[in-house]
Amino acid sequence: MRVIGIETSCDETGVAVYDDEKGLLADLLFSQIELHSEYGGVVPELASRDHIRKTLPMIQDCLKQSDSSAKDIDGIAYTAGPGLVGALMVGASVAKALAFAWNKPAIGVHHMEGHLLAPMMTADKPNYPFIALLVSGGHTLLLNCQEFGDYQLLGESLDDAAGEAFDKVAKMLGLGYPGGPAVAELAKHSIKGAYKFPRPMTNRPGFDFSFSGLKTFTMNTLADIDNPSNQDKANIAGAFQEAVVDTIRIKCKRALEHTGSPALVVAGGVSANSALRIRLDELMKNMNRKVFYPELKYCTDNGAMIAYAGLERLKAGHTESLAIDVKPRWPLTELTL
Ligand code: KG4
Ligand code: ZN
């Protein structure tokens, strides 16, 4: 079975072809970073317009690279939400038009389920049940995953997502967009212990997160320094990153202890962060449980994860009409099989 996946939920156009026997056959990604960078963040209208330009030619290239024609494709997966409505509409419209023309099913994929399943595209795949930590630009979710399609919410961010906090701190420090990799890079030059930032909500029971106060704390620390040097900025980046990573570690440990789950799956853009990976590797070693991450290039948005999730949904008998319908807001827990 072979599925083409189309990701257009935000500022990356991703198209990929995944085959359940041969694996990933083609995988193309176009990032709009340059287009949005002068605005310091994603401009939704520009994002939609660029997806319109890129999607069909990329589909054509992906079919060529995977040596597939319409008759080889069993389904057209696309990101149906959550995300920017105009951007989602581009992928959904193209996918449904292809489904109609090729007489094949279209499969609307939940973007966060795509992230969640990205570690399954590696040789050493996680088995259910596991705890999933999904940390992206739009979401911070801790989930108890019983099986494919059965994800129970343990906790989430009450305000900024982890990636969003990285992006905002990057802006304060005068680093570019997207900020996560830039903050992580700057943090490498920090002097350990120069600052100690709070670990929000770790003294309270439960699994929810809040990163907005930490962002304000970071802003105030920076504002208190007259003419901050590069070293000051690096120290702030380091203390901020350490606080985010440690907060996440505390909540993951709590979720693993509470549920007795044997493994942790970490995915989404922030799962590329090496400080986070080091901390979680340590935690899981101490707890004698396993941790799984996607390959680095499948941490951030990509078409491969949508093709893979679409293939799994198609195998599970997912069907839908040709009506074009996207869900800019869509809780992952609403998913069923
Ligand atoms: O999953 P993703 O590509 O898009 C969403 O679904 O939101 O995640 C993008 C987010 C951005 O906020 C970006 O700054 C963050 O992931 N990110 C990182 C790193 N790489 C990407 N944050 C921290 N460290 C990184 N290395
Ligand atoms: Zn994403």
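FYI, side chains are in, hydrogens and waters are out, and symmetry mates aren't considered; it's all heavy atoms of this structure. Whatever order the structure lists ligands and atoms in, that order sets their numbers, starting from 1.
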For atom 6 (O) of ligand 1, closest protein heavy-atom neighbour: His111 NE2, 3.1 Å

Close approach, His139 and ligand 1, non-hydrogen under 4.0 angstrom: no

For Gly138, atoms of ligand 1 separated by under 4.0 Å from a heavy atom: 7 (O)

Beyond-backbone contact of Ile76 with Val3, side-chain heavy atoms, under 4.5 angstrom: no

Interatomic spacing from CG in Asp281 to NZ in Lys285 - rounded to 0.5 Å: 9.5 Å

CG on Asp50 to CZ on Phe30, rounded to 0.5 Å: 5.5 Å

Which atom of His111 approaches the Zn ion (ligand 2) most closely (N/O/S): NE2

Face-on cation placement of Arg313 at Phe148 ring, 6.0 Å and 45° thresholds: yes

Axial cation check for Tyr18 ring with Arg2, 6.0 Å and 45° limits: no

Closest protein heavy atom to atom 20 (N) of ligand 1, given as residue, atom name and distance to 0.1 Å: Gly269 O, 3.4 Å

Test item: Glu7 and Asn302 side chains (from C-beta on) under 4.5 Å apart, heavy atoms: no

Nearest-neighbour protein heavy atom for atom 9 (C) of ligand 1, which is reported as residue plus atom name and distance: Gly137 N, 3.8 Å

Heteroatom distance test (His115, ligand 1): nitrogen or oxygen, under 3.5 angstrom: yes

Ile248 and Leu133, any side-chain heavy atoms less than 4.5 Å apart: yes

Heteroatom of Asp301 nearest to the Zn ion (ligand 2) (N, O or S, atom name): OD1

Protein contact to atom 22 (N) of ligand 1 [nearest heavy atom, distance to 0.1 Å]: Gly180 CA, 3.3 Å

Structural part of Asp167 in contact with ligand 1, heavy atom criterion under 4.0 angstrom: side chain

For Thr300, the ligand 1 atoms whose distance to one of its heavy atoms is below 4.0 Å: 3 (O), 21 (C)

Flag for His189-Asn230: side-chain donor and acceptor within less than 3.5 Å: no

Straight-line distance of His139 NE2 to Leu332 CG, nearest 0.5 Å: 8.5 Å

Distance from atom 24 (N) of ligand 1 to nearest protein heavy atom, with residue and atom: Asn273 ND2, 3.0 Å

Cys10 touching ligand 1 at heavy-atom level, < 4.0 angstrom: no

Side chain proximity check, Thr13 to Leu29, heavy atoms < 4.5 angstrom: no

Ligand-side contact atoms (ligand 1) for residue partner Gly163, heavy atom cut-off under 4.0 Å: 12 (O)

For atom 2 (P) of ligand 1, the protein heavy atom that lies nearest, with its residue and separation: Asp301 OD1, 3.3 Å

Cys10 backbone or side-chain N/O/S under 2.8 Å from the Zn ion (ligand 2): no

